[in-house]
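These notes are about the structure you will find just below.
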Number of protein chains: 2
Amino acid sequence: MAVSIRDVAERAGVSVGTVSNVLNRPDRVSDAVVGRVHDAIRELGYVRNDAARQLRAGRSSSVGLVVLDARNPFFTDIARGAEDEAAEHGVAVLLGDSDEKPEREAAYLDLFEEQRVRGVLVSPLGDIRERLERLRALGTPVVLVDRMAEDDVLSSVSVDDHAGGRTAVTHLLEQGRRRVAFVAGPLAIRQVADRLAGARDAVAAVPDATLEVLEGTALSVLEGRRMGEALAARPASERPDAVFAANDLLAVGLLQALVMRGEVRVPEDVAIVGYDDIDFAAATVVPLSSIRQPSRLIGQTALRILLEEADDPGLAPRQVVFQPELVVRESSAIG
Amino acid sequence: MAVSIRDVAERAGVSVGTVSNVLNRPDRVSDAVVGRVHDAIRELGYVRNDAARQLRAGRSSSVGLVVLDARNPFFTDIARGAEDEAAEHGVAVLLGDSDEKPEREAAYLDLFEEQRVRGVLVSPLGDIRERLERLRALGTPVVLVDRMAEDDVLSSVSVDDHAGGRTAVTHLLEQGRRRVAFVAGPLAIRQVADRLAGARDAVAAVPDATLEVLEGTALSVLEGRRMGEALAARPASERPDAVFAANDLLAVGLLQALVMRGEVRVPEDVAIVGYDDIDFAAATVVPLSSIRQPSRLIGQTALRILLEEADDPGLAPRQVVFQPELVVRESSAIG
DNA sequence: CCCTGATGGTGAATCGTTTCAACGACGAGA
DNA sequence: TCTCGTCGTTGAAACGATTCACCATCAGGG
């Protein structure tokens with residue numbers, strides 16, 4: 001277990017400094033020695049100790065990423081994008097799933113701080129602006145993901161949720177729907193609140209349209225099913241004729257509860273639009289209309305900005321905002 | 001940035017040893033001193049340096065987990081289970097996604113070795129048995145996930161894929177189907193091969209039943225769509241009347257290609273059974289029959305075994321095998 | 001009044017790597 | 001022959017937390 005650089009040096013008949021050079025700047029070492037050292041490494045099964053390396057370097061070569069929900073394909077795709085970009089720079093991504101719980105979010109940030117990560121990507125949940133700004137002030141770059149920074153201290157890569165919400169509901173209204181419900185999930189989540197604001201805008205533009213807000217406790221399939229059952233249990237006259245779901249997981253749950261029961265037809269009785277356009281959206285009972293976000297690109301871009309800021313701490317914070325895109329499928333087609 | 005335990009000691013007017021004691025064994029320190037040290041920590045914004053801690057300790061307090069595909073909800077659920085269990089023991093889980101690529105798998109194992117993780121959970125892809133056994137021999141426990149160990153050197157937590165394959169195809173045959181196709185993904189993946197073996201068993205038990213094997217390159221929605229398009233393009237007489245898909249992602253892709261085109265009806269023309277019973281399976285165009293695996297429990301169990309072996313290296317390897325369960329939905333109902 | 005044990009605290013050694021000043025050897029140029 | 005620069009190599013310091021042998025103080029028992 002305990003084979004260190006010292007053992008390698010001894011075996012190869014050189015000093016530890018030389019072994020380190022072989023590992024990090026082989027060009028400064030003669031070929032003969034490089035060969036001997038590599039032989040010794042192989043024979044002894046030496047594996048570099050990253051802790052010592054980091055201790056000396058003062059910081060790790062990893063970046064941290066905290067997402068709201070690792071089970072949501074939207075965030076998995078962001079993570080994938082970030083990992084791709086990271087791999088190109090020889091950086092590892094530590095993935096933390098806050099599971100929409102502020103205390104888990106805080107725990108991951110603690111962990112990342114103790115690890116002295118090169119930077120932090122975070123899709124923030126609780127009110128941690130102050131903490132993140134302090135982190136950055138102390139030299140650890142922070143990039144907000146899927147959420148616009150509120151002031152110009154931090155960089156962010158996000159999607160225009162307000163526009164997304166407006167687009168979704170405008171589309172529903174154009175289909176002739178008037179009694180729209182927003183199946184929200186937790187309104188405390190900024191993205192949800194922004195989508196709601198966009199939805200309100202769209203509804204305000206059409207005189208006889210109404211918007212009902214149904215707040216839930218999570219952005220999951222299970223919660224969607226729960227809310228769908230509540231809707232299905234209503235008398236038909238009190239049901240909305242259109243539902244805008246805060247994300248596709250909720251929408252999938254809604255579909256399960258509404259369509260499977262057979263009482264409510266989609267889109268005839270209720271049209272549905274989801275958000276994120278996850279892979280599964282095209283394969284649901286009734287293929288789901290959705291608002292597409294460039295998830296992978298978000299991850300890539302965020303990581304690139306993070307590394308740039310890590311290399312040059314003086315860089316001014318940047319806000320990148322992508323535009324979402326409506327994808328129409330059967331769940332909201334004319335009916 | 002560089003506030004160390006020494007700075008805290010100085011500020012609190014005690015020695016570094018005492019600060020360390022406050023952090024790790026507060027009961028050995030007087031209350032007054034504990035208070036002063038905590039004040040100093042707060043005032044200076046001290047954050048423990050994990051690298052130094054690990055260096056001294058000789059190993060980290062993290063475990064590594066390498067999964068085949070982080071986008072597959074089955075593996076996300078395993079990860080979730082492992083994290084839950086880890087959180088209870090104050091251990092962090094480093095998640096690596098091999099993306100079905102042997103070189104990425106190897107890279108993550110390298111990384112975990114350098115980090116001196118407490119142990120490794122791995123859903124192995126390539127032929128890395130030897131490497132894993134060496135790792136374990138050197139003191140790092142290894143638990144195979146979703147795959148039974150081939151000899152008794154490593155522990156494993158898996159599901160009986162052979163039984164799962166047999167169950168799935170037996171069910172299709174009981175529905176009166178005879179021309180079964182196995183949409184496989186890469187046969188080099190052990191789980192896929194085992195499911196195929198089970199399927200062969202089931203087919204062999206029925207005289208006039210046949211099994212066609214369609215090998216693919218990945219276990220993804222996209223690949224499923226590709227293979228579904230190939231099936232749909234065949235003349236009806238040459239199409240199978242039942243498909244067993246190696247996992248639900250493939251099955252979802254198949255559904256997209258078959259049903260969306262409108263030419264092939266499910267289950268009337270082709271019955272489909274998937275594998276994993278992911279959340280989305282119940283919400284697909286035609287709700288998908290599937291083989292359910294206790295994914296979360298797999299993750300939990302694997303992590304528990306890992307930590308037990310880490311605490312007591314002498315422990316004999318254990319093989320835990322769960323039984324899968326058929327969930328019948330419309331995609332394979334009588335038709 | 002001395003001894004014992006418990007309690008609370010100290011400070012140096014240690015973990016494994018990287019870095020850097022310094023050094024020897026050697027060839028080229030004067 | 002002497003000097004200088006280059007190249008390859010060395011060895012010790014440094015990173016920051018933990019641990020452990022050791023010390024100081026004090027209360028209580030004899």
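Each chain gets a letter, A, B and so on, in the order the sequences are listed, and its residues count up from 1.
- At least one side-chain nitrogen or oxygen of B:Arg48 sits closer than 4.0 Å to the OP1 or OP2 atom of D:dT18.
- Expressed to the nearest 0.5 Å, how far CD of B:Glu114 lies from CD of A:Gln54 amounts to 10.0 Å.
- Positionally, the nearest nucleotide of DNA chain D for A:Arg28 lies more toward the 5' end than for the other of A:Arg28 and B:Val16.
- Looking at which nucleotide of DNA chain C each of B:Asp31 and A:Gly17 is closest to, the 5′-most match is held by B:Asp31.
- A donor-acceptor pair under 3.5 Å links the side-chain atoms of A:Asp97 to the main chain of A:Ala70, judged by distance alone.
- Among the protein residues, B:Asp50 comes within range of no part of the nucleic acid, since none of its heavy atoms lies under 4.0 Å from any strand.
- Atom CZ of B:Arg53 and atom C1' of D:dC15 are 17 Å apart (whole Å).
- The distance between atom CG of A:Asn49 and atom C1' of D:dG16, rounded to the nearest whole Å, is 14 Å.
- In this structure, B:Gln54 places its CD atom 11 Å from P of D:dT18, rounding to the nearest Å.
- Atoms OG1 and CD, from B:Thr76 and B:Glu83 in turn, are 10.5 Å apart once rounded to the nearest 0.5 Å.
- Here B:Val19 lies out of heavy-atom contact (under 4.0 Å) with every strand.
- Here CD1 of A:Ile41 is found 8.5 Å from CZ of A:Arg48. Values are rounded to the nearest 0.5 Å.
- Between D:dG16, C:dT17, C:dT19, one nucleotide has an atom nearer to the side chain of A:Ser4 than all others, and that is C:dT17.
- Here the side chain of B:Asn24 is nearest to one of C:dG16, D:dT18, D:dT9, namely D:dT18.
- The side chain of B:Leu55 has C:dC15 as its nearest neighbour among C:dC15, D:dT18, C:dT17.
- Taking side-chain N and O atoms only, A:Ser30 has a distance below 4.0 Å to OP1 or OP2 of D:dT9.
- Atom CG in A:Asn21 sits about 12 Å away from atom C1' in D:dG11, given to the nearest Å.
- We find that CZ of B:Arg25 is positioned 9 Å from C1' of D:dC20, with the value rounded to whole Å.
- Residue contacts shown for A:Arg59 are absent, as no nucleic acid heavy atom lies under 4.0 Å away.
- In this structure, the CD atom of A:Gln115 is 16 Å from the P atom of D:dG16, given to the nearest Å.
- For C:dG9, the OP1/OP2 oxygens have no side-chain nitrogen or oxygen of B:Thr18 closer than 4.0 Å.
- If you check every strand for non-hydrogen atoms under 4.0 Å, B:Arg56 touches a base.
- Between the side chain of A:Arg25 and the main chain of A:Val22, no donor-acceptor pair closer than 3.5 Å is present.
- Within the structure, every side-chain polar atom (N or O) of B:Arg6 is placed at least 4.0 Å from both OP1 and OP2 of D:dA17.
- One finds no side-chain N or O of A:Arg116 lying less than 4.0 angstrom from the OP1 or OP2 phosphate oxygen of D:dC15.
- Separation of atoms CD (B:Glu105) and CG (B:Leu109) is listed at 6.0 Å; rounding is to 0.5 Å.
- In this structure, B:Glu114 atom CD and C:dG16 atom P are separated by 15 Å, rounded to whole Å.
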